[in-house]
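As the structure is a computational prediction, the values presented were derived from the model and not from experiment. Atoms considered below: every heavy atom in the structure, side chains included; atoms not considered: hydrogens, waters and symmetry mates.
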Amino acid sequence: MFNFNEEAVRKEHENGVSIIAETQRVVDKICGEGYKNIFYIGIGGTLLYAGQMMHIVKEAGSTIPLFLENAADFCLVGNPHFGKDSVVVIASISGDTKEVVEAVHKAHAAGARVVGYVEKEGTPLYEHSDDLITTVGGEYYFWYTVTLRLMANAGQFPQYDKFMTEIVHMPENVVEIYKKSDAKAKEYADKYCDAELTYLIGSGNLEDWAVCYGMCIMEEMQWMRTRPISAANFFHGTLEVVERDIPVILIKGEDKTRPQMERAEKFVNTISANVTVFDTKDYELKGISDEFRGMLSPIVMRSAFQRVSVHLEHNRRHPLAIRRYYRRLDY
(Lines give C-alpha, C1' and ligand atoms only; values in the text may rest on other atoms or scores of the structure.)
Protein backbone atom coordinates (compact mmCIF):
# COMPACT_ATOMS: atom_id res chain seq x y z
CA MET A 1 0.00 0.00 0.00
CA PHE A 2 1.36 3.38 -1.02
CA ASN A 3 3.20 5.36 1.67
CA PHE A 4 1.86 3.28 4.56
CA ASN A 5 3.91 2.45 7.64
CA GLU A 6 1.77 -0.08 9.46
CA GLU A 7 3.99 -0.31 12.52
CA ALA A 8 4.13 3.47 12.94
CA VAL A 9 0.34 3.75 12.76
CA ARG A 10 -0.13 0.94 15.26
CA LYS A 11 2.50 2.41 17.60
CA GLU A 12 0.85 5.82 17.75
CA HIS A 13 -2.43 4.27 18.84
CA GLU A 14 -0.68 2.01 21.30
CA ASN A 15 0.89 5.18 22.68
CA GLY A 16 -2.63 6.50 23.14
CA VAL A 17 -3.69 3.41 25.04
CA SER A 18 -0.58 3.70 27.21
CA ILE A 19 -1.61 7.11 28.62
CA ILE A 20 -5.05 5.99 29.77
CA ALA A 21 -3.97 4.93 33.27
CA GLU A 22 -2.08 8.15 34.02
CA THR A 23 -4.88 10.29 32.60
CA GLN A 24 -7.39 8.44 34.81
CA ARG A 25 -5.20 9.11 37.83
CA VAL A 26 -5.15 12.84 37.08
CA VAL A 27 -8.92 13.00 36.64
CA ASP A 28 -9.53 11.02 39.81
CA LYS A 29 -7.31 13.40 41.75
CA ILE A 30 -9.19 16.40 40.39
CA CYS A 31 -12.54 14.85 41.23
CA GLY A 32 -11.31 13.92 44.68
CA GLU A 33 -10.16 17.45 45.43
CA GLY A 34 -13.27 18.99 43.90
CA TYR A 35 -13.85 21.46 41.10
CA LYS A 36 -16.48 23.97 40.05
CA ASN A 37 -16.37 23.36 36.31
CA ILE A 38 -14.21 22.08 33.47
CA PHE A 39 -13.03 24.17 30.53
CA TYR A 40 -11.90 22.52 27.31
CA ILE A 41 -9.76 25.16 25.61
CA GLY A 42 -8.08 24.93 22.24
CA ILE A 43 -7.74 26.53 18.85
CA GLY A 44 -7.92 25.16 15.34
CA GLY A 45 -7.66 21.38 15.32
CA THR A 46 -7.34 21.01 19.09
CA LEU A 47 -10.56 22.94 19.65
CA LEU A 48 -12.29 20.76 17.07
CA TYR A 49 -11.07 17.56 18.73
CA ALA A 50 -12.45 18.82 22.05
CA GLY A 51 -15.70 19.76 20.34
CA GLN A 52 -16.22 16.16 19.31
CA MET A 53 -16.03 15.22 22.99
CA MET A 54 -18.55 17.91 23.89
CA HIS A 55 -21.08 16.26 21.61
CA ILE A 56 -20.41 12.86 23.19
CA VAL A 57 -21.11 14.35 26.63
CA LYS A 58 -24.36 15.90 25.43
CA GLU A 59 -25.55 12.77 23.64
CA ALA A 60 -24.85 10.68 26.74
CA GLY A 61 -27.12 12.99 28.73
CA SER A 62 -24.33 14.01 31.09
CA THR A 63 -24.67 17.17 33.13
CA ILE A 64 -21.04 17.62 34.13
CA PRO A 65 -20.30 21.39 34.13
CA LEU A 66 -18.29 21.52 30.92
CA PHE A 67 -17.47 24.54 28.76
CA LEU A 68 -15.75 24.72 25.38
CA GLU A 69 -13.68 27.81 24.62
CA ASN A 70 -11.63 29.02 21.68
CA ALA A 71 -8.28 30.01 23.20
CA ALA A 72 -8.08 33.31 21.32
CA ASP A 73 -11.59 34.29 22.41
CA PHE A 74 -10.93 33.16 25.96
CA CYS A 75 -7.84 35.36 26.20
CA LEU A 76 -9.70 38.47 25.06
CA VAL A 77 -13.24 37.92 26.31
CA GLY A 78 -12.93 35.43 29.15
CA ASN A 79 -15.92 33.60 30.58
CA PRO A 80 -17.98 34.65 33.61
CA HIS A 81 -18.09 31.03 34.82
CA PHE A 82 -14.30 30.76 34.92
CA GLY A 83 -12.41 31.12 38.20
CA LYS A 84 -9.92 29.65 40.63
CA ASP A 85 -11.98 26.48 41.09
CA SER A 86 -12.12 25.81 37.35
CA VAL A 87 -9.99 23.16 35.66
CA VAL A 88 -8.58 23.76 32.18
CA VAL A 89 -8.04 20.80 29.89
CA ILE A 90 -5.93 21.82 26.93
CA ALA A 91 -3.89 20.21 24.17
CA SER A 92 -1.21 21.31 21.74
CA ILE A 93 0.83 18.82 19.76
CA SER A 94 3.58 21.39 19.25
CA GLY A 95 3.31 22.65 22.83
CA ASP A 96 3.93 26.23 21.75
CA THR A 97 0.75 27.36 19.98
CA LYS A 98 0.64 31.07 20.75
CA GLU A 99 -3.00 31.32 21.78
CA VAL A 100 -2.85 28.14 23.86
CA VAL A 101 0.17 29.35 25.80
CA GLU A 102 -1.52 32.69 26.47
CA ALA A 103 -4.66 30.89 27.67
CA VAL A 104 -2.60 28.80 30.11
CA HIS A 105 -1.05 31.94 31.58
CA LYS A 106 -4.49 33.53 31.92
CA ALA A 107 -5.82 30.41 33.64
CA HIS A 108 -2.94 30.37 36.10
CA ALA A 109 -3.40 34.08 36.83
CA ALA A 110 -6.94 33.23 37.95
CA GLY A 111 -5.65 30.38 40.13
CA ALA A 112 -7.08 27.60 37.96
CA ARG A 113 -5.51 24.21 37.39
CA VAL A 114 -4.26 23.19 33.92
CA VAL A 115 -4.23 19.65 32.57
CA GLY A 116 -2.23 19.55 29.35
CA TYR A 117 -1.59 17.07 26.57
CA VAL A 118 1.56 17.81 24.58
CA GLU A 119 3.89 15.81 22.36
CA LYS A 120 7.09 17.88 22.55
CA GLU A 121 9.24 18.10 25.67
CA GLY A 122 10.56 21.42 26.86
CA THR A 123 7.82 23.47 25.21
CA PRO A 124 5.75 26.09 27.10
CA LEU A 125 2.71 23.84 27.55
CA TYR A 126 4.96 20.99 28.62
CA GLU A 127 6.58 23.20 31.25
CA HIS A 128 3.49 25.01 32.49
CA SER A 129 0.87 22.27 32.77
CA ASP A 130 0.03 21.43 36.37
CA ASP A 131 -0.78 17.90 35.25
CA LEU A 132 1.02 16.76 32.11
CA ILE A 133 0.13 13.93 29.78
CA THR A 134 2.65 13.35 27.02
CA THR A 135 3.16 10.87 24.23
CA VAL A 136 3.07 10.89 20.43
CA GLY A 137 -0.16 10.27 18.55
CA GLY A 138 -2.41 9.83 21.59
CA GLU A 139 -4.51 12.98 21.60
CA TYR A 140 -7.84 11.28 20.97
CA TYR A 141 -7.19 8.81 23.81
CA PHE A 142 -6.40 11.73 26.10
CA TRP A 143 -9.70 13.46 25.29
CA TYR A 144 -11.74 10.26 25.57
CA THR A 145 -10.23 9.32 28.92
CA VAL A 146 -10.63 12.77 30.48
CA THR A 147 -14.19 13.13 29.22
CA LEU A 148 -15.51 9.68 30.05
CA ARG A 149 -13.72 9.48 33.41
CA LEU A 150 -15.28 12.79 34.46
CA MET A 151 -18.66 11.40 33.46
CA ALA A 152 -18.03 8.10 35.23
CA ASN A 153 -16.93 9.78 38.44
CA ALA A 154 -20.14 11.81 38.33
CA GLY A 155 -22.12 8.58 38.05
CA GLN A 156 -23.11 9.40 34.47
CA PHE A 157 -21.24 6.77 32.45
CA PRO A 158 -21.60 3.38 34.15
CA GLN A 159 -20.17 1.64 31.05
CA TYR A 160 -16.76 3.23 31.63
CA ASP A 161 -14.86 0.10 32.66
CA LYS A 162 -16.30 -1.85 29.75
CA PHE A 163 -15.44 0.91 27.30
CA MET A 164 -11.85 1.13 28.51
CA THR A 165 -11.46 -2.64 28.38
CA GLU A 166 -12.51 -2.56 24.75
CA ILE A 167 -10.67 0.57 23.52
CA VAL A 168 -7.39 -1.34 23.77
CA HIS A 169 -8.46 -3.09 20.55
CA MET A 170 -8.46 0.17 18.60
CA PRO A 171 -4.77 0.13 17.51
CA GLU A 172 -5.35 -3.03 15.49
CA ASN A 173 -8.71 -1.81 14.26
CA VAL A 174 -7.16 1.44 13.08
CA VAL A 175 -4.56 -0.41 11.03
CA GLU A 176 -7.35 -2.30 9.29
CA ILE A 177 -9.33 0.91 8.70
CA TYR A 178 -6.30 2.43 6.97
CA LYS A 179 -6.14 -0.61 4.70
CA LYS A 180 -9.84 -0.83 3.91
CA SER A 181 -10.26 2.91 3.28
CA ASP A 182 -7.31 3.17 0.90
CA ALA A 183 -9.08 2.32 -2.35
CA LYS A 184 -11.87 4.83 -1.77
CA ALA A 185 -9.39 7.46 -0.61
CA LYS A 186 -7.32 7.02 -3.76
CA GLU A 187 -10.40 7.10 -5.98
CA TYR A 188 -11.50 10.35 -4.33
CA ALA A 189 -8.06 11.97 -4.61
CA ASP A 190 -7.57 10.87 -8.21
CA LYS A 191 -10.87 12.42 -9.23
CA TYR A 192 -11.07 15.55 -7.11
CA CYS A 193 -7.53 16.60 -6.19
CA ASP A 194 -7.82 19.71 -8.37
CA ALA A 195 -11.38 20.68 -7.44
CA GLU A 196 -11.86 24.43 -7.16
CA LEU A 197 -14.23 23.99 -4.21
CA THR A 198 -15.25 21.08 -1.98
CA TYR A 199 -18.20 20.83 0.38
CA LEU A 200 -17.83 18.65 3.47
CA ILE A 201 -20.93 17.69 5.47
CA GLY A 202 -20.81 16.11 8.92
CA SER A 203 -23.11 15.78 11.93
CA GLY A 204 -22.96 15.10 15.64
CA ASN A 205 -19.52 14.11 16.87
CA LEU A 206 -18.27 14.26 13.26
CA GLU A 207 -19.46 17.78 12.54
CA ASP A 208 -16.23 19.18 13.96
CA TRP A 209 -14.23 16.55 12.09
CA ALA A 210 -15.69 17.87 8.81
CA VAL A 211 -14.51 21.34 9.79
CA CYS A 212 -11.15 20.04 10.97
CA TYR A 213 -10.40 18.15 7.77
CA GLY A 214 -11.55 20.96 5.53
CA MET A 215 -9.73 23.67 7.45
CA CYS A 216 -6.61 21.99 8.85
CA ILE A 217 -5.79 19.54 6.06
CA MET A 218 -7.36 20.60 2.78
CA GLU A 219 -6.97 24.35 3.30
CA GLU A 220 -3.86 24.64 5.47
CA MET A 221 -1.87 21.69 4.15
CA GLN A 222 -3.11 21.47 0.56
CA TRP A 223 -4.31 25.02 -0.20
CA MET A 224 -7.67 23.71 -1.42
CA ARG A 225 -10.80 25.83 -1.00
CA THR A 226 -13.46 24.14 1.10
CA ARG A 227 -16.82 24.76 2.73
CA PRO A 228 -17.48 22.51 5.73
CA ILE A 229 -21.09 22.58 6.94
CA SER A 230 -23.10 20.69 9.52
CA ALA A 231 -25.91 18.47 8.26
CA ALA A 232 -28.18 20.30 10.69
CA ASN A 233 -27.46 23.67 9.05
CA PHE A 234 -27.07 22.43 5.48
CA PHE A 235 -30.75 22.94 4.62
CA HIS A 236 -30.66 26.53 5.77
CA GLY A 237 -28.45 28.06 3.09
CA THR A 238 -25.83 25.76 1.65
CA LEU A 239 -28.32 23.57 -0.24
CA GLU A 240 -28.90 26.47 -2.64
CA VAL A 241 -25.29 26.58 -3.84
CA VAL A 242 -24.63 22.87 -4.33
CA GLU A 243 -24.27 22.25 -8.06
CA ARG A 244 -23.87 19.26 -10.34
CA ASP A 245 -20.10 19.49 -10.74
CA ILE A 246 -19.06 20.60 -7.24
CA PRO A 247 -17.68 17.68 -5.15
CA VAL A 248 -19.44 16.91 -1.89
CA ILE A 249 -17.98 14.73 0.87
CA LEU A 250 -20.50 13.18 3.25
CA ILE A 251 -18.99 12.15 6.59
CA LYS A 252 -21.39 9.69 8.19
CA GLY A 253 -21.07 8.42 11.73
CA GLU A 254 -23.19 6.25 13.98
CA ASP A 255 -24.42 8.56 16.72
CA LYS A 256 -27.97 9.86 17.19
CA THR A 257 -27.57 12.45 14.43
CA ARG A 258 -27.15 9.91 11.63
CA PRO A 259 -30.67 10.67 10.28
CA GLN A 260 -29.45 14.22 9.54
CA MET A 261 -26.74 12.76 7.32
CA GLU A 262 -29.16 10.43 5.59
CA ARG A 263 -31.40 13.40 4.78
CA ALA A 264 -28.45 15.38 3.40
CA GLU A 265 -27.23 12.37 1.42
CA LYS A 266 -30.60 11.88 -0.24
CA PHE A 267 -30.74 15.53 -1.25
CA VAL A 268 -27.20 16.04 -2.56
CA ASN A 269 -27.44 12.97 -4.74
CA THR A 270 -30.34 14.60 -6.57
CA ILE A 271 -28.23 17.69 -7.31
CA SER A 272 -24.53 16.78 -7.41
CA ALA A 273 -22.99 14.16 -9.67
CA ASN A 274 -19.84 14.17 -7.53
CA VAL A 275 -20.75 12.82 -4.11
CA THR A 276 -18.36 10.74 -2.02
CA VAL A 277 -19.58 9.04 1.16
CA PHE A 278 -17.28 8.04 3.99
CA ASP A 279 -19.27 5.99 6.50
CA THR A 280 -17.99 4.54 9.76
CA LYS A 281 -20.42 1.65 9.33
CA ASP A 282 -18.19 0.36 6.53
CA TYR A 283 -15.44 -0.54 8.99
CA GLU A 284 -15.32 -3.52 11.30
CA LEU A 285 -14.31 -2.80 14.90
CA LYS A 286 -13.20 -6.08 16.42
CA GLY A 287 -13.59 -6.25 20.18
CA ILE A 288 -15.81 -3.15 20.27
CA SER A 289 -19.44 -3.42 21.37
CA ASP A 290 -22.09 -1.93 19.12
CA GLU A 291 -23.08 0.49 21.88
CA PHE A 292 -19.68 2.21 21.60
CA ARG A 293 -19.36 2.41 17.81
CA GLY A 294 -21.05 5.81 17.57
CA MET A 295 -18.89 7.17 20.36
CA LEU A 296 -15.73 6.02 18.57
CA SER A 297 -16.70 7.44 15.17
CA PRO A 298 -14.12 10.27 15.42
CA ILE A 299 -11.18 7.84 15.66
CA VAL A 300 -12.61 5.72 12.86
CA MET A 301 -13.16 8.66 10.53
CA ARG A 302 -9.80 10.27 11.20
CA SER A 303 -8.14 6.97 10.35
CA ALA A 304 -10.01 6.72 7.03
CA PHE A 305 -9.17 10.30 6.11
CA GLN A 306 -5.48 9.78 6.81
CA ARG A 307 -5.45 7.83 3.56
CA VAL A 308 -7.22 10.66 1.74
CA SER A 309 -4.42 12.95 2.90
CA VAL A 310 -1.73 10.60 1.60
CA HIS A 311 -3.28 10.47 -1.86
CA LEU A 312 -4.05 14.19 -2.05
CA GLU A 313 -0.45 14.92 -1.10
CA HIS A 314 0.83 12.66 -3.85
CA ASN A 315 -1.57 13.73 -6.58
CA ARG A 316 -1.12 17.43 -5.93
CA ARG A 317 2.67 17.02 -5.50
CA HIS A 318 2.29 19.10 -2.36
CA PRO A 319 3.86 17.71 0.83
CA LEU A 320 1.58 18.15 3.82
CA ALA A 321 4.32 19.91 5.79
CA ILE A 322 4.67 22.83 3.38
CA ARG A 323 2.99 26.10 4.37
CA ARG A 324 3.05 29.55 2.78
CA TYR A 325 2.09 31.65 5.78
CA TYR A 326 1.35 29.51 8.86
CA ARG A 327 4.24 29.92 11.30
CA ARG A 328 6.26 31.51 8.51
CA LEU A 329 5.06 35.12 8.72
CA ASP A 330 4.63 37.31 11.75
CA TYR A 331 0.90 37.70 12.36
Side-chain angles (χ1 to χ4, degrees), residues 9-10 12-24 27-28 38 40 48-64 66 89 91 117 133 135 137-181 202-210 212 231 251-262 277-306:
V9 169
R10 181 182 291 106
E12 286 198 346
H13 286 263
E14 288 174 346
N15 288 346
V17 170
S18 75
I19 64 173
I20 289 174
E22 176 61 15
T23 307
Q24 287 178 163
V27 175
D28 288 349
I38 304 290
Y40 285 1
L48 295 165
Y49 272 47
Q52 294 165 58
M53 300 301 113
M54 288 289 292
H55 182 87
I56 289 170
V57 169
K58 181 167 64 174
E59 185 164 313
S62 175
T63 58
I64 58 174
L66 184 60
V89 183
Y117 172 87
I133 305 297
T135 190
E139 185 177 353
Y140 262 132
Y141 296 84
F142 168 75
W143 286 115
Y144 273 102
T145 305
V146 169
T147 302
L148 300 180
R149 191 71 170 186
L150 285 168
M151 289 167 53
N153 286 350
Q156 297 176 359
F157 187 55
Q159 312 97 311
Y160 180 86
D161 289 339
K162 181 180 179 183
F163 179 92
M164 286 301 172
T165 298
E166 295 185 6
I167 200 173
V168 300
H169 299 294
M170 285 307 292
E172 288 301 327
N173 283 321
V174 164
V175 168
E176 295 307 313
I177 293 166
Y178 271 60
K179 293 176 180 178
K180 184 168 183 180
S181 64
S203 70
N205 61 27
L206 291 179
E207 176 182 333
D208 281 332
W209 174 250
C212 187
I251 302 172
K252 296 177 69 176
E254 298 173 61
D255 67 9
K256 291 179 181 178
T257 68
R258 187 176 175 88
Q260 295 177 352
M261 290 301 299
E262 292 170 341
V277 180
F278 287 90
D279 189 342
T280 61
K281 275 194 172 183
D282 292 338
Y283 305 103
E284 183 181 10
L285 297 181
K286 293 181 179 179
I288 304 295
S289 300
D290 287 347
E291 66 179 305
F292 300 137
R293 286 187 60 96
M295 192 175 290
L296 287 167
S297 289
I299 293 180
V300 175
M301 199 57 77
R302 178 187 179 273
S303 301
F305 270 83
Q306 289 290 87

Side-chain contact test, heavy atoms from C-beta onward, threshold under 4.5 Å: evaluate it for [X] versus [Y] and give yes or no.
{"X": "Cys212", "Y": "Tyr49", "answer": "yes"}
{"X": "Lys252", "Y": "Val277", "answer": "yes"}
{"X": "Asn153", "Y": "Ile64", "answer": "no"}
{"X": "Val174", "Y": "Ile299", "answer": "yes"}
{"X": "Ile177", "Y": "Leu285", "answer": "yes"}
{"X": "Met301", "Y": "Phe278", "answer": "yes"}
{"X": "Ile133", "Y": "Glu22", "answer": "yes"}
{"X": "Met164", "Y": "Thr145", "answer": "yes"}

Legend entry - Check: Trp143 ring centre within less than 6.0 Å of Tyr40 ring centre: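 That pair passes the under 6.0 Å test.
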Legend entry - Set of residues satisfying ring pair (Phe, Tyr, Trp, His ring centres under 6.0 Å) with respect to Phe163, sequence neighbours excluded: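 Partners of Phe163 by the ring pair (Phe, Tyr, Trp, His ring centres under 6.0 Å) criterion, ordered by chain and then number, come out as Phe292.
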Inset, instruction - Flag yes if more than 12 heavy atoms outside Lys179 fall under 6.0 Å of its NZ atom; otherwise flag no. - result: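 Result for NZ/Lys179: enclosed.
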Inset, instruction - Over all heavy atoms of both residues, which pair between Ser297 and Thr280 is shortest? Give the atoms and the distance, please. - result: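 That would be OG-OG1, 3.6 Å.
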Inset, instruction - Would you please classify the geometry between the Tyr140 ring and the Tyr144 ring as parallel, tilted or perpendicular, with 30° and 60° separating the classes? - result: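 Judged by the thresholds at 30° and 60°, the geometry between Tyr144 and Tyr140 is tilted.
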